[in-house]
Amino acid sequence: MKKYLFAVLLPLMLLFTTAAAAGPTLFPVETVGEDGVARWGYMDESGGQPIGFFYAEAGVFNEYGLAAVQNAQGQTGVIDATGRQVIAY
């Protein structure tokens, strides 16, 4: 079901975006907290962490500057390169 939601959200992301986002390249990174729970966040090319480790899963940013993410409850949403939700969970 989770994989299906990612596949459905990609076309939706393209519908809601009309211009490409300019900015640093961000990529998803996984970490495991002291509680043993894996969380995903985003780092930039210089090693900075512009978007914290808040997500159960995190996809790569597309050419429009959007990425699909999932929360701990398995709900999927879409964020922009600043971490702002574009499509809510």
Side-chain angles (χ1 to χ4, degrees):
M1 182 70 173
K2 291 180 183 181
K3 302 293 182 200
Y4 174 75
L5 289 175
F6 270 83
V8 168
L9 280 178
L10 182 59
L12 288 175
M13 289 174 14
L14 296 175
L15 288 175
F16 286 100
T17 306
T18 58
T25 301
L26 301 177
F27 52 93
V29 177
E30 181 181 29
T31 188
V32 178
E34 292 179 8
D35 57 0
V37 176
R39 292 182 181 86
W40 287 84
Y42 291 89
M43 296 186 85
D44 59 22
E45 295 169 326
S46 66
Q49 184 186 339
I51 302 174
F53 294 96
F54 306 122
Y55 308 105
E57 291 190 38
V60 297
F61 281 93
N62 65 14
E63 64 271 17
Y64 301 105
L66 301 174
V69 294
Q70 286 187 349
N71 63 16
Q73 292 76 34
Q75 299 168 318
T76 302
V78 177
I79 61 170
D80 65 13
T82 66
R84 182 180 64 91
Q85 275 192 330
V86 177
I87 299 175
Y89 296 115

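Note that the numbering runs from 1 along the sequence shown for the chain. Nothing here was measured: the structure is a model prediction, and the numbers come from that model.
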Per the salt bridge (charged side-chain N to carboxylate O under 4.0 Å, His left out) rule, what does the pair list look like for residues 64-75, sequence neighbours excluded?
none
I need the minimum non-hydrogen distance between Q70 and T76, along with the two atoms involved.
NE2-OG1, 3.0 Å
Do I79 and Y89 share a hydrophobic cluster (ILVMFWY, side-chain heavy atoms under 4.5 Å, transitive)?
yes
Which atom of V78 lies closest to which atom of L66, heavy atoms considered
CG1-CB, 3.9 Å
Any pair with a residue in residues 31-50 that passes ring-ring contact (aromatic ring centres under 6.0 Å, His included), sequence neighbours left out, goes on the list, sorted by first then second residue, please.
Y42-F61
Just jot down the side-chain contact (heavy atoms from CB on, under 4.5 Å) partners of A72, sequence neighbours excluded, or say none.
none
So, for G59 and P28, which heavy atoms are closest and what is the spacing to 0.1 Å?
O-CG, 4.1 Å
Sequence neighbours left out, what pairs pass salt bridge (charged side-chain N to carboxylate O under 4.0 Å, His left out) with at least one residue falling in residues 65-79?
none
Set of side-chain contact (heavy atoms from CB on, under 4.5 Å) partners for E45, sequence neighbours left out:
T25
Please name all residues satisfying side chain to side chain donor-acceptor pair (under 3.5 Å) with D44, sequence neighbours left out, ordered by chain then number.
S46
Please, which pairs that meet salt bridge (charged side-chain N to carboxylate O under 4.0 Å, His left out) have at least one residue in residues 75-89, sequence neighbours excluded?
D80-R84
Other members of the hydrophobic cluster containing F53, with the 4.5 Å side-chain heavy-atom rule, please.
F27, V29, M43
Which atoms form the tightest heavy-atom contact between P50 and L26, and what is the distance?
CG-CD2, 3.4 Å
Got a sec, which residues hit side chain to side chain donor-acceptor pair (under 3.5 Å) with E34, two or more places apart in sequence or on another chain?
none
Can you list every pair that meets salt bridge (charged side-chain N to carboxylate O under 4.0 Å, His left out) and has a residue in residues 67-77, with sequence neighbours left out?
none
